[in-house]
Each structure stands twice: as structure tokens, then as C-alpha cells.
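Written below as C-alpha cells is the structure these notes are about.
When a ligand or atom number is given, it counts from 1 through the structure's own listing order.
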Amino acid sequence: MDEKFTGRVAILGLGYIGLPTAAVLATRGIEVVGVDVNEATVKAVANGEVPFVEPDLATAVSGAVAMGNLTASTTTPRADAFIIAVPTPFAEDHQADLRHVHAATAQIAPVLERGNVVVLESTSPPGTTEQVSRWLAELRPDLVLPHSSEGVADVHVAHCPERVLPGRIMIEMVTNDRVVGGLSPRCAARAAALYRVFCQGTILMTDAASAEMAKLVENAYRDVNIAFANELSTISEEIGLDVWEVIRLANHHPRVNVLTPGPGVGGHCIAVDPWFIVGVAPDSSRLIRAARGVNDAKPHHVVEQVMRTCGRFREPTVACLGLSYKANIDDLRESPAVDIVAELAASRPDLDIRVAEPLVRRLPLELETFGNVQLQGAPDAVAAADIVVLLVDHDHFRSMSRSRLAGKVVYDTRGLWR
Ligand code: SAJ
């Protein structure tokens with residue numbers, strides 16, 4: 001019989017993963033305390049509000065708060081289970097920066113009790129879950145942690161990487177399969193019981209390092225395949241072919257599925273996680289490293305192509321459509337589209353750049369500083385432009401009448417209008 005989880009859960013980090021996880025657990029009757037260092041976030045959540053846009057999240061959070069199952073705090077309370085869902089960026093040298101995980105561990109240690117479960121959800125290099133156990137042991141020498149070979153562990157430590165797609169988080173959180181890697185089989189079983197509260201997918205139990213690596217592999221797999229598509233797009237441009245047509249034809253083969261080229265790879269995961277693999281095995285990660293290079297070079301390539309086109313006009317006006325890192329979301333962080341507009345604006349101050357991004361109300365700070373960039377509605381931006389650069393395949397742009405593009409030079413990085 002699978003064991004059942006009962007008790008209170010503290011979730012450290014109320015971001016894109018922590019908050020939806022808190023809401024999903026709380027709406028299933030679990031007492032959840034969301035913990036964050038950001039007071040504004042804590043205040044918003046305590047009032048049943050959400051600090052970012054994600055479909056269906058606001059309803060879940062306000063419902064859970066109204067039911068009394070979800071509260072928020074800047075301090076970590078005693079709990080039966082702790083979930084660490086803090087950022088794991090990479091440092092200058094591409095090594096994982098674990099300072100937030102370390103800080104979360106230090107917050108948990110003073111309130112840790114025998115029988116507790118600690119789960120690391122943050123994407124991390126292999127060995128990090130064991131490191132969390134070591135950090136806890138240093139701070140709580142009175143407890144036996146599971147990395148140690150001495151006796152029966154008092155506390156259970158596991159890794160359960162998040163795998164949800166921004167824009168579909170509330171659905172995928174419940175329906176996706178989950179990998180749960182324990183520092184021991186007992187740790188995995190205890191953590192799995194927690195996720196069984198809401199996860200309708202299969203829970204795959206394994207060891208912690210395999211779970212850590214599996215998550216990195218998922219995103220590196222996608223990065224490598226997007227790099228292949230992006231490389232095909234620059235090759236096709238060079239030899240005068242339409243890459244979308246080439247891929248469409250190739251994908252009719254039953255065992256071929258080339259992904260979609262674009263202006264580069266954005267987001268907080270796919271452009272970051274492969275580096276954690278490179279970091280642990282630099283000499284053997286040649287393909288993974290090369291793919292990162294190909295995808296990172298794509299925004300600059302787009303800028304070069306646009307600048308070349310600008311040469312045809314005396315005082316060109318350029319419309320850049322879309323700023324988010326992918327379609328139909330309002331998330332501008334780590335977005336190649338923002339980088340492209342910034343590089344264009346910086347290298348050609350004489351360009352008149354009109355940006356259309358229907359999902360945001362103002363330009364991000366890094367673009368506001370340029371005198372030659374303004375945010376406009378798509379129809380106005382396109383009407384004013386000599387050159388139209390499509391950067392994000394929002395549905396909003398897909399449905400735009402093609403007649404508006406007549407007489408303009410169009411550079412469509414997403415193949416939306418072909
Ligand atoms: N992109 C392309 N071509 C494609 C697919 C994507 O250029 O064919 C670009 C997108 O425009 C975007 C970037 O890649 O800039 C990443 O977008 P995405 O939708 O592939 O992924 P994310 O970063 O939103 O979410 C990923 C997901 N991982 C996988 O699909 C393997 C998600 O399931 C993970 O939970 C998430 O990373 C994470 O947190 O790790």
C-alpha cells in the first residue's frame with residue numbers, strides 16, 4: 001500500500017513553481033505555508049493575489065487563501081514537509097549558483113524535526129540534493145541525515161524536479177509524470193507520498209542524482225534540437241532556401257521531427273540547465289556546449305540580417321513584433337526578442353524602432369532607456385514601418401491581416417506568416 005501524506009507543508013520560494021505547487025496542495029486540503037524573502041510577494045499571496053500572470057493560478061490562490069489552507073510568511077514555520085523551490089541561476093563561469101538553495105536550507109534547519117521530509121524542486125546539478133543533506137547536517141548535528149551511513153536517518157531528503165510548461169502550469173502540475181529521487185529508497189517513498197496528493201501522472205522513484213540529471217537532460221534535449229533547427233535556418237538563409245519548407249518536407253518522414261527555428265532560446269530553463277551538465281563534465285559535453293553556442297548566437301544573427309535590410313532605406317522605421325520569450329505569455333525575462341531590440345537600438349541610434357507587445361503595458365527597463373524605441377499597438381507599428389520583424393508568434397499577430405504587410409520588407413523569425 002502506498003503511504004499517505006498528512007500534515008503541514010512549507011514551500012520556500014513563491015515563484016513560478018512554488019506558488020502553483022502551494023495552491024495545488026492547498027486546494028486539495030493540505031495546510032500550506034508559502035515562504036518568501038520578498039515581502040511584497042508574501043503580502044500579495046496572503047491577500048489571495050498573484051504577483052505574475054499564469055492561467056488559472058489566480059483562482060486557485062484566492063480560493064486556497066479563502067479556504068484558510070494557504071497562508072504566507074517571510075519566516076519558515078515548523079512543518080512535516082518542506083519544498084525548496086528557489087532559483088538556481090548560473091554564475092559567470094556557467095557553474096550553478098546554489099546560494100538561494102543554501103539560504104533556504106539554512107532557514108529550514110532550525111525548525112527541522114525527526115520524521116520531516118525535505119524536497120528540493122529547484123533544477124540543480126547532480127549531487128545538490130546530497131549537498132542539501134550535508135548542509136542540514138552541519139546545522140543540526142543532533143539529527144541523522146540520509147547522506148550519512150551512520151544509523152537510520154531521522155529526516156528524509158529527496159529531489160523532485162518541476163517539469164511544467166509556463167502557460168500550462170496548473171494543468172501540467174497535476175497531469176505530468178513526476179520523477180522523485182531519494183537519497184535512500186525510504187526518502188523517495190516519503191517524498192512520493194507528498195506528490196501523490198495532487199499528481200495524477202506516474203510517480204517514478206529513483207535515486208537523487210539520477211533525478212537531478214534526468215531534469216537537466218530533458219531541457220538539454222530540447223536545447224540541442226532547437227539548435228539543430230536554428231542552424232538549419234541560417235544554412236537555408238545562406239543558400240537561399242526557405243527553412244520552413246525544408247523542415248515541413250523532412251518532417252513527413254515517420255522518424256523525423258525537426259523543431260521550429262526562432263530568434264534564439266529564451267526562458268529561465270532551457271538556456272540555463274544544459275550548462276549544469278557542461279559544468280559537471282566539461283570535456284565530454286561537446287554537443288551540449290555547441291548547441292548553447294548556436295542558440296545564443298541566433299539573436300545577433302537576426303540583428304545582422306535586419307541591419308543588412310536597413311541599408312535599402314534612407315531613414316528606416318523598423319517594427320519589432322513581440323517581446324516575450326515565447327508565444328502567448330507575458331514573460332519578458334531572458335527573452336531573445338528583448339535582446340534583439342536592445343542590440344538594434346544601441347547599434348543604430350538613427351533607427352526609428354516601433355515595438356508591439358500586446359501582452360505588456362510598458363517597455364521593460366532595458367529598452368526604456370533608448371530614445372529611439374517606442375511601444376505601440378501592432379497595427380500602428382506595422383503601418384509606420386519599412387521593415388517588419390516578427391519576433392514572437394503570438395496568436396494576436398497570426399490573426400493580423402496580411403494586407404497590412406503589403407509593400408514592407410518582412411523578416412519573420414518564427415515562420416508565422418508563411
Ligand atoms: N523554442 C524554439 N523552437 C522550438 C521550441 C522552443 O525556438 O521549437 C524556443 C521558445 O521560443 C523559447 C525557448 O525555446 O524561447 C524555450 O521555450 P519552451 O517552450 O521550449 O520551454 P520553457 O523554457 O518555457 O519550459 C521548459 C520546458 N521543458 C521542456 O519542454 C523539455 C518545461 O517543461 C520545463 O518545466 C521548463 O523548461 C523548466 O522549468 O525547466
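- N116 places a side-chain N or O within 3.5 Å of a backbone atom of A79 that can act as its donor or acceptor partner.
- For the side-chain hydrogen bond (donor to acceptor under 3.5 Å, both in side chains) criterion with H268, the lone passing option out of D273, T123, D331, T88 is D331.
- When the options T260, T413, N295 are evaluated for a side-chain hydrogen bond (donor to acceptor under 3.5 Å, both in side chains) with N230, the one that passes is N295.
- Of the charged side-chain nitrogens involved, at least one lies within less than 4.0 Å of a carboxylate oxygen, so that E3 and R190 count as a salt-bridged pair.
- A ring pair (Phe, Tyr, Trp, His ring centres under 6.0 Å) check over residues 370-408, counting only residues at least two apart or in different chains, returns the pairs H394-F397.
- Classification of E121 and R178 as a salt-bridged pair holds, one side-chain N sitting under 4.0 Å from a carboxylate O.
- Protein residues are said to neighbour a ligand when one of their heavy atoms lies under 4.0 Å from it; for ligand 1 these are E162, R163, V164, L165, P166, K215, E218, N219, R222, I226, L259, T260, G264, V265, G266, C269, I270, D273, Y325, K326, R414.
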